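Report on the following structure.
All chains are named by letter (A, B, ...) in the order of the sequence lines, taking the proteins before the strands, and each is independently numbered beginning at 1. Treat the numbers as computed from the prediction; the structure is a model and nothing was measured.
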Amino acid sequence: MSSFQGQMAEYPTISIDRFDRENLRARAYFLSHCHKDHMKGLRAPALKRRLECSLKVHLYCSPVTKELLLTSPKYRFWEKRIISIEIETPTQIPLVDEASGEKEEIVVTLLPAGHCPGSVMFLFQGNNGTVLYTGDFRLAKGEAARMELLHYGDRVQDIQSVYLDTTFCDPKFYQIPSRAECLSGILELVRGWISRSPYHVVWLNCKAAYGYEYLFTNLSEEFGLQVHVDKLDMFRNMPDILHHLTTDRATQIHACRHPKAEEYFQWNRLPCGVTSKNRIPLHTISIKPSTMWFGERTRKTNVIVRTGESSYRACFSFHSSYSEIQDFLSYICPVNVYPNVIPIGTTMDKVIEILKPLCRSSQSIEPKYKPLGKLKRARTAPLDSEEEEDDLFDDPLPVPLRHKVPNQQTLHPEVFPVPAVSQNQPQKLTQSTECFKVENMQTSLRTNFIDCEESNSESEEELQVPASSPADPGPVTHQQKAEAEVPQWEVFFKRKDDITDEGLENLPSSTEGGGLSVTKAFK
DNA sequence: GCGATCAGTT
DNA sequence: CACAACTGATCGC
């Protein structure tokens, strides 16, 4: 649970993921993702009032987060004050103090965080240096090195401070099986059950939170069965998710919820109330996604664990493991690090003790901070390793292996796609929010400028923006998926003949699928 | 009636 | 099994 209070030392006039107390005075707000514990105060009367009299205050987030947030009527009042920023597009934002008229500019870049749909990290660049707020993240080893915009030329950016998701920053969480390994385990468990008959169904016992969507889409893709959920209107503009979900209860894969779901399940009833199909009782198993971890020297073991007659736990994590955190931070190698979370059973001091050695402040030959302008210019071509060694003597970032991995756009697209938000009608921007592309002298990367200077009612115009469809890595075939990663974690589930088959012999030999898009072969 | 907070549950 | 959110009790406006 995040204990970040909303403000960063370098840029105290902006607030991120907290909207109460001191944050009520912020010049701009940022939301990293749409989870309730990062939205404290976001719909409180105090902030609502502030918004009414401070017309230059906006909330910045990713297009997907904006879509998810505005689906809830409780947050509709934000509609005209949210500005979505495309992923990986440096964007300049004015920070205006409405009382004094004092103005400061900051450039923000959204980087995919792999935590839930729309989740991002914020990279801020301004007068007080470059800082990175990670929000909540799950990034595999090496993924920071593949992020183009964390780099300046071929080098990693000179980052003053990182505000870090330390949820699993404890050596006991040393390793967590990868997304692909967990997914593969769940796919095989589900396959082993639902292929027995159309009356064999699985219930995915998920918490009420965004973040399971890639599980649903992969299951649906694999078996040609949409996943039953309670609500799907939040995904109405995200076809890649929407098409894999249904509110029709006649499917073999359920992720519906009910306050008494566990109780229901004991009586062979799904949370949506279904107990049978064609008057034939269903055979149900529950699969509860939950985090599993292994210490540095613990033998790797199963990603699926049987917890009862018809219950399983399946490995699933929203957050990076200890070793993934170490990889991430040691690559960035900032001057300072601030934990956003104190994991239960540990202390701030212990977390700092773990993270400090990965920062420049404790290891640098030359610990003094140098502003960006004084850094040696990055070379255009990579050096060979020998030259590299020599170079370290006057390099203010004396950590090797911190060069960009050329292969970008590979943030596990096969299991964690960044959804595209598309609108049928052209998007209407009612603010005079002019975004235009210029060449940024410093980074040579495209920068958007958001100018809120004239956002008063008289200059309001309706800008017609063509329906946007952000760059998509493209569909990944099953073939590619299979080749992408061979799980090194053993997938465990009971032998097929161990799975109870009671009642199966009485089933009709019909393969009628009850409206399902695909009917599984019937044994 | 609404919201904030806390304890308990999953 | 450690996330994140719901539920219900309590208090205050």
Counting heavy atoms from C-beta on, name the nucleotide in C:dC6, C:dA4, C:dC1 closest to the side chain of A:Ala208.
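Comparing C:dC6, C:dA4, C:dC1 against the side chain of A:Ala208, the answer is C:dC6.
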
Please compare A:Tyr210 and A:Arg313 by the position of their nearest nucleotide in DNA chain C and report the one closer to 5'.
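Taking each residue's closest nucleotide, the earlier one in sequence belongs to A:Arg313.
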
Just the rounded figure in Å: distance from [atom2] of [N] to [atom1] of [X].
X	N	atom1	atom2	value
A:Lys172	C:dC1	NZ	P	13 Å
A:His319	C:dA2	NE2	P	12 Å
A:Lys36	C:dC6	NZ	C1'	9 Å
A:Met39	C:dA4	CE	C1'	13 Å
A:Asp37	C:dA2	CG	P	15 Å
A:Phe318	C:dA2	CZ	C1'	13 Å
A:Met1	C:dC1	CE	C1'	15 Å

Just one of A:Val351, A:Leu329, A:Val341 clears the side-chain contact (heavy atoms from CB on, under 4.5 Å) bar with A:Leu164, so which one?
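For A:Leu164, the side-chain contact (heavy atoms from CB on, under 4.5 Å) test succeeds with only one of A:Val351, A:Leu329, A:Val341, which is A:Leu329.
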
Does a side-chain N-to-carboxylate-O contact under 4.0 Å join A:Arg191 and A:Glu222?
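Between A:Glu222 and A:Arg191 there is a salt bridge, with a charged N closer than 4.0 Å to a carboxylate O.
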
Parallel, tilted or perpendicular: rings of A:Phe265 and A:Trp203 (30°, 60°):
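Rings of A:Trp203 and A:Phe265: tilted, 30 to 60°.
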
Cationic tip of A:Arg138 above A:Phe318 ring, under 6.0 Å, 45° of axis
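Relative to the ring axis of A:Phe318, which defines the angle, A:Arg138 lies outside at least one limit.
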
Select base, sugar-phosphate, or nothing to describe what A:His115 touches, counting heavy atoms under 4.0 Å on all strands.
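A:His115: backbone/sugar contact only, no base atoms under 4.0 Å.
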
For A:Thr167, which contact category applies under a 4.0 Å heavy-atom criterion: base, sugar-phosphate, or nothing?
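Result for A:Thr167 = sugar-phosphate.
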
Name of the residue among A:Asn340, A:Asp136, A:Thr65 meeting side chain to side chain donor-acceptor pair (under 3.5 Å) with A:His38:
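Going through the options one by one, the only one that passes is A:Asp136.
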
Heavy atoms of other groups near A:Glu22 CD, more than 12 under 6.0 Å:
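Counting other residues, nucleotides and ligands, CD of A:Glu22 exceeds 12 neighbours.
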
Could you check whether A:Asn23 and A:Gln5, counting side-chain N and O atoms only, form a donor-acceptor pair closer than 3.5 Å?
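Absent: no donor and acceptor within the cut-off.
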
For each nucleotide in nucleotides 3-10 of chain B, reading 5' to 3', give B when a protein heavy atom comes within less than 4.0 Å of its base, S when such contact involves only the sugar-phosphate, and - otherwise.
SSS----S

